[in-house]
**Q** 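Please see the structure below; I have some questions.
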Amino acid sequence: MNRPRTNRAYVAALFDLPFNDLLFQAATVHRQHFDPNAVQLSQLLSIKTGACPEDCSYCPQSARYKTGLERERLMAVESVLEKARAAKEGGATRYCMGAAWRSPRDKDVDQLVEMVKGVRALGMETCVTAGMLSETQAQRLSEAGLDYYNHNLDTAPEHYGKIITTRTYADRLDTLRAVRQAGMKVCCGGIVGLGEERKHRVGLLVELANLPTPPESVPINMLVKVPGTPLSDTPALDPIEFVRTIAVARILMPTSHVRLSAGRQQMTDELQSLCFFAGANSIFCGEKLLTTDNPGNRDAMLFAKLGLHAEPHACPAKPTEAVEAPLAELAVDEGACCDPSSGCGPSPSTSPARSAVDGLLAETVGGFIDIARRQAVRRTRRLRGAGQRD
Ligand code: SAM
Ligand code: DTB
Ligand code: SF4
């Protein structure tokens, strides 16, 4: 049995902090472990769509709900690789292949293995989300080179049965165990705005932080209300409460990438900006998530406005011991970026102005490059102007 790293009373107290104190604490933790202006870019592809036997009440892909979604069979390996190449061109460093299955058959795993090998050969990180896995299936995917397996806990254990009845929390934990045992990294998060109470968001984050090893990647999804699903009329979650959820996730899992996941298409720039300040440092890029819309080109404009850049490759966080560090003990480390041995170099926000311009150009890739170039030129002009006046 692992010693719990945190507990509900502590996490509820974090949620209760005055908003500014919570954000300051989260942003401080973020800066200690990551370049605060770098955002990891993953891109999703639905490789098998719809007709899922599960009854997840948020999901447009369940066969039980009339959402108008057209079912599609498992894609051919070459078609997946074609889309992955385009995603790489667009700046994504990780390719996430999602299949609407309760669990894959062994012959499906044969296909997944080929997809993983192909995407890896393109020089991208790989992620698969395909439902429950047996130990043998996890082992096969790991041997194929799969970097991450995504399998969400979604909500607090006591709320789970209100959202999904066709599998249990224990089933989810079993698959996560198999994924870890096989040596893969874990992408595991949840979904908020399901009509849950704050205590359930607390419960979800406690479960995630107390996993035997915290997930390297933590997607926080805001419910996308798809007509035809049982949750389509759920009242919206207060955006400030959403930012609090991101901030608490950052504090509890300081070295994980916290991904601002589904629901960004419905979010304002201001809400997303607060989430990035609160410690979100990963997004899904591109025009589509699995079946619903994603901001696409709007992201490049937002990144330019905020001075964010795409994380050039998977940057591991600096390791930490303390999870429950009280606010007063958190020192701001301005120079903190990822591990220097990973080759990331200093944070552009703390580099000299000239290298900030170079950095912006070098590190911003694909669809982000035009905006970055214009921004860099404007910044260079401003710097030159300032230099001449001095
Ligand atoms: N079938 C696999 C499974 O359930 O693990 C993988 C795909 S499933 C779509 C992955 C995650 O997407 C879910 O766990 C949930 O958190 C999220 N998701 C699904 N539908 C969503 C929606 N309408 N809004 C927000 N997130 C959603
Ligand atoms: C995750 O946590 N969110 C992504 C990914 N993992 C697979 C999926 C979001 C799906 C949103 C609804 C849709 O597009 O179908
Ligand atoms: Fe199926 Fe996954 Fe959707 Fe649940 S969330 S219905 S398991 S695709």
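Just follow the structure's listing: the first ligand is 1, and inside any ligand the first atom is 1. The model shown is predicted, which means the values in this text are computed figures rather than measured ones.
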**Q** Taking the minimum heavy-atom distance to atom 11 (C) of ligand 1, which of Leu231, Leu44, Asn152, Thr67 ranks first?
**A** Asn152
**Q** Just which atoms of ligand 1 are under 4.0 Å from any heavy atom in Gly131?
**A**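 With Gly131 as reference, the close atoms of ligand 1 come out as 2 (C).
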**Q** Listing by chain and number, which protein N, O or S atoms are under 2.8 Å from atom 3 (Fe) of ligand 3?
**A**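 Per the 2.8 Å query on atom 3 (Fe) of ligand 3, atoms found are Cys59 SG.
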**Q** Quick test: of every protein heavy atom, which one is nearest to atom 7 (S) of ligand 3, and how far off is it to 0.1 Å?
**A**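 Checked against all protein heavy atoms, atom 7 (S) of ligand 3 sits closest to Arg167 NH1, 3.2 Å.
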**Q** Give me the nearest non-hydrogen protein atom to atom 14 (O) of ligand 1 as residue plus atom name, then the distance to 0.1 Å.
**A** Asp154 OD1, 3.1 Å
**Q** Hey, which atoms in ligand 1 end up nearer than 4.0 Å to a heavy atom of Met222?
**A**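 Counting from 1, the qualifying ligand atoms are 24 (N), 25 (C).
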**Q** Between Ala130, Ala99, Pro60, which one has a non-hydrogen atom sitting closest to atom 1 (N) of ligand 1?
**A**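 Among Ala130, Ala99, Pro60, the closest heavy atom to atom 1 (N) of ligand 1 comes from Ala99.
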**Q** Within the 4.5 Å heavy-atom criterion, are Met97 and Val119 side-chain neighbours or not?
**A**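 Answer yes - side chains close enough.
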**Q** Ligand 1 and Gln61, any nitrogen or oxygen pair closer than 3.5 angstrom?
**A** no
**Q** May I ask whether atom 8 (S) of ligand 1 is less than 4.0 Å from at least one protein heavy atom?
**A**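 No, there is none.
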**Q** Considering all protein heavy atoms, does one lie under 4.0 Å from atom 2 (Fe) of ligand 3?
**A** no
**Q** Can you tell which part of Leu290 has a heavy atom less than 4.0 Å from ligand 1: side chain, backbone, both or neither?
**A**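 It is the side chain that touches ligand 1; the backbone stays farther off.
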**Q** The criterion is ring pair (Phe, Tyr, Trp, His ring centres under 6.0 Å); which residues satisfy it with Phe15, sequence neighbours excluded?
**A**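 None.
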**Q** When you measure from atom 21 (C) of ligand 1 to every protein heavy atom, which one gives the shortest distance, and what is it?
**A**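 I find the closest protein heavy atom is Tyr58 CD1, 3.7 Å.
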**Q** Does Asp233 form a salt bridge (Lys or Arg N to Asp or Glu O under 4.0 Å) with Lys225? I'd like the steps, not just the answer.
**A** CA-CA 7 Å; Asp233 292 330; Lys225 297 183 209 175; over 6 Å; no
**Q** Does any non-hydrogen side-chain atom of Glu287 lie less than 4.5 Å from one of Arg298?
**A**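 Not in contact.
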**Q** At what distance is the nearest protein heavy atom to atom 6 (C) of ligand 1, and which residue and atom is it?
**A**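 It is Thr129 OG1, 2.9 Å.
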**Q** Checking the N or O distance criterion of under 3.5 Å, is ligand 1 in contact with Val224?
**A**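 There is such a contact, yes.
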**Q** Test salt bridge (Lys or Arg N to Asp or Glu O under 4.0 Å) on Arg198 and Asp16 and set out the steps.
**A** CA-CA 10 Å; Arg198 177 182 278 183; Asp16 280 344; 2.9 Å; yes
**Q** For a 4.5 angstrom cut-off between non-hydrogen side-chain atoms, does Arg120 reach Asp147?
**A**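 Sidechains of Asp147 and Arg120: in contact.
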**Q** Would you say Gly98 contacts ligand 1, with heavy atoms under 4.0 Å as the rule?
**A** no
**Q** Tell me which one of Arg172, Arg102, Lys48 gets a heavy atom nearest to atom 4 (O) of ligand 1.
**A** Arg172
**Q** Among all protein non-hydrogen atoms, which one is nearest to atom 10 (C) of ligand 1, and what is the separation to 0.1 Å?
**A**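 Checked against all protein heavy atoms, atom 10 (C) of ligand 1 sits closest to Asn150 OD1, 4.2 Å.
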**Q** In order of chain and number, which residues sit within 4.0 Å of ligand 2 by heavy atom?
**A**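 Leu44, Pro60, Thr129, Asn150, Asn152, Pro219, Asn221, Ala262, Phe284, Leu289, Leu290, Thr291, Thr292.
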**Q** Carefully, step by step, assess Phe277 and His30 under the rule ring pair (Phe, Tyr, Trp, His ring centres under 6.0 Å).
**A** CA-CA 9 Å; Phe277 184 69; His30 189 194; 8.8 Å; no
**Q** Should Glu54 and Arg167 be marked as a salt bridge (Lys or Arg N to Asp or Glu O under 4.0 Å) after you check the CA-CA gap, both sets of side-chain angles, and the distance that decides it?
**A** CA-CA 8 Å; Glu54 302 283 70; Arg167 57 169 188 253; 3.0 Å; yes
**Q** Is the closest side-chain heavy-atom distance between Asn221 and Tyr58 below 4.5 Å?
**A** no
**Q** Less than 4.5 Å apart, side chain to side chain, heavy atoms only: is that true for Leu41 and Arg94?
**A** no
**Q** Do the side chains of Arg102 and Met132 get nearer than 4.5 Å, heavy atoms only?
**A**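 Contact flag for Met132/Arg102 side chains = yes.
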**Q** Of Ile191, Ile164, Leu194, which has the heavy atom at the shortest distance from atom 25 (C) of ligand 1?
**A**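 The option holding the nearest heavy atom is Ile191.
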**Q** Rest of the hydrophobic cluster containing Tyr65 (Ile/Leu/Val/Met/Phe/Trp/Tyr, side-chain heavy atoms under 4.5 Å)?
**A**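 Once heavy-atom contacts under 4.5 Å are chained together, Tyr65 still belongs with nothing else.
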**Q** Is there a path from Trp101 to Val113 through hydrophobic residues (I, L, V, M, F, W, Y) whose side chains come within less than 4.5 Å of each other?
**A**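 Yes, because Trp101 and Val113 connect within a single hydrophobic cluster, where side-chain heavy atoms sit under 4.5 Å apart.
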